[in-house]
> 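I'd like to ask you about the structure that follows.
Atom set for the values below is all heavy atoms of this structure, side chains included, hydrogens, waters and symmetry mates excluded. Positions are given from 1, in the same order as the sequence printed here.
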Amino acid sequence: MPFADILPTNRFLDAISYLKREGIVSGQGGNFSPKSNVTRGELLKMVLLAGKLRLADSTTSQFSDVPLGSSFLTYVNTAVALKAVSGYPDGTFRPNNSVTRAEGLKIVLG
């Protein structure tokens with residue numbers, strides 16, 4: 001089983017197993033947590049890894065809440081360069097906010 005909280009009867013087992021095998025998702029603490037919300041940063045990371053896109057430079061940050069060393073910096077910088085996302089007027093990106101449907105569609109369709 002790819003994660004402790006994914007049962008063999010889960011109808012998404014094959015998809016979840018594939019995403020884990022490809023390194024697109026890693027879960028947390030051995031769990032996938034399928035009912036948890038996805039953050040803006042997490043979705044960016046999954047979409048960019050799934051697309052096997054070349055990742056942007058991570059030596060600078062355009063957003064006050066995505067500092068150097070942030071686990072999402074490379075993904076945020078890449079998505080900005082691709083014009084798939086933009087930040088908020090206050091200069092933040094809010095990578096830890098749950099992604100809305102509209103934001104998710106913009107990221108996926110970027």
Side-chain angles (χ1 to χ4, degrees):
M1 300 307 344
F3 297 99
D5 61 346
I6 300 299
L7 300 174
T9 55
N10 186 301
R11 66 184 177 141
F12 300 110
L13 177 63
D14 290 342
I16 294 167
S17 296
Y18 172 81
L19 293 172
K20 183 175 183 189
R21 201 171 41 252
E22 294 296 313
I24 296 166
V25 299
S26 57
Q28 195 170 34
N31 290 318
F32 184 69
S33 302
K35 294 186 180 189
S36 293
N37 290 339
V38 173
T39 68
R40 290 166 49 88
E42 290 168 337
L43 183 60
L44 278 181
K45 182 178 179 181
M46 289 186 282
V47 168
L48 293 172
L49 289 175
K52 300 184 184 202
L53 299 172
R54 183 171 179 204
L55 299 177
D57 175 33
S58 61
T59 59
T60 61
S61 178
Q62 299 178 39
F63 303 105
S64 61
D65 60 344
V66 187
L68 296 180
S70 167
S71 60
F72 295 121
L73 179 62
T74 301
Y75 306 105
V76 171
N77 284 354
T78 302
V80 168
L82 294 170
K83 296 182 172 60
V85 299
S86 57
Y88 291 90
D90 66 357
T92 62
F93 181 74
R94 304 176 193 167
N96 297 314
N97 281 13
S98 293
V99 69
T100 67
R101 288 181 183 164
E103 292 167 336
L105 283 172
K106 183 172 183 189
I107 291 168
V108 171
L109 300 175

> Once salt bridge (Lys or Arg N to Asp or Glu O under 4.0 Å) is applied, what residue pairs with a partner in residues 81-92 remain, sequence neighbours excluded?
D90-R94
> Hey, could you give me each pair passing ring-ring contact (aromatic ring centres under 6.0 Å, His included) that has a residue in residues 86-110? Not counting sequence neighbours.
F63-F93
> Taking all non-hydrogen atoms of both residues, which atom of P8 and which atom of L13 are closest, and how far apart?
O-CD2, 3.6 Å
> Look only at the side chain of S61 and the backbone of V66, and say whether a donor-acceptor pair between them is shorter than 3.5 Å.
yes
> Do V85 and K106 come within less than 4.5 Å of each other through their side chains, counting heavy atoms only?
no
> If you compare all heavy atoms of G23 against all heavy atoms of L49, which two are closest, and at what distance to 0.1 Å?
O-CD1, 3.6 Å
> Listing request: all ring-ring contact (aromatic ring centres under 6.0 Å, His included) pairs with a residue in residues 24-50, at least two apart in sequence or in separate chains.
F3-F32
> Name all pairs fulfilling the side-chain hydrogen bond (donor to acceptor under 3.5 Å, both in side chains) condition that reach into residues 39-53, sequence neighbours left out, sorted by first residue then second.
T39-E42, R40-E103
> Kindly compute the distance separating OG (S36) from CG (N31), expressed to the nearest 0.5 Å.
9.0 Å
> Tell me if a side-chain donor or acceptor on N10 pairs with a main-chain N or O of F12 at a distance below 3.5 Å.
yes
> What do the steps show when you test L105 against T100 for side chain to side chain contact (heavy atoms under 4.5 Å, CB included), and what is the final call?
CA-CA 9 Å; L105 283 172; T100 67; over 6 Å; no
> Could you give the side-chain donor-acceptor pairs of residues 70-78 under 3.5 Å, partners two or more places apart or in another chain?
residue	atom	partner	partner atom	Å
S70	OG	F72	N	3.2
T74	OG1	S58	OG	3.4
N77	ND2	D57	O	2.8
N77	ND2	T60	O	2.9
T78	OG1	A56	N	2.6
T78	OG1	T74	O	2.7

> According to a 4.5 Å side-chain heavy-atom criterion applied to Ile, Leu, Val, Met, Phe, Trp and Tyr, with indirect links allowed, do V25 and L7 form part of one hydrophobic cluster?
no
> I need the I16 CD1 to D5 CG distance, nearest 0.5 Å.
8.5 Å
> Is M46 close to L19 at the side-chain level, that is, under 4.5 Å between some pair of heavy atoms?
no
> Between A79 and L44, what is the shortest heavy-atom contact and its length?
CB-CD2, 3.4 Å
> Find out whether D65 and P95 are in side-chain contact, i.e. whether some heavy atom of one side chain is under 4.5 Å from a heavy atom of the other.
yes
> Looking only at non-hydrogen atoms, find the nearest pair between I6 and P34 and report the distance.
CD1-CG, 4.0 Å
> For residues 11-26, which residue pairs qualify under side-chain hydrogen bond (donor to acceptor under 3.5 Å, both in side chains), counting only residues two or more places apart or in two chains?
none
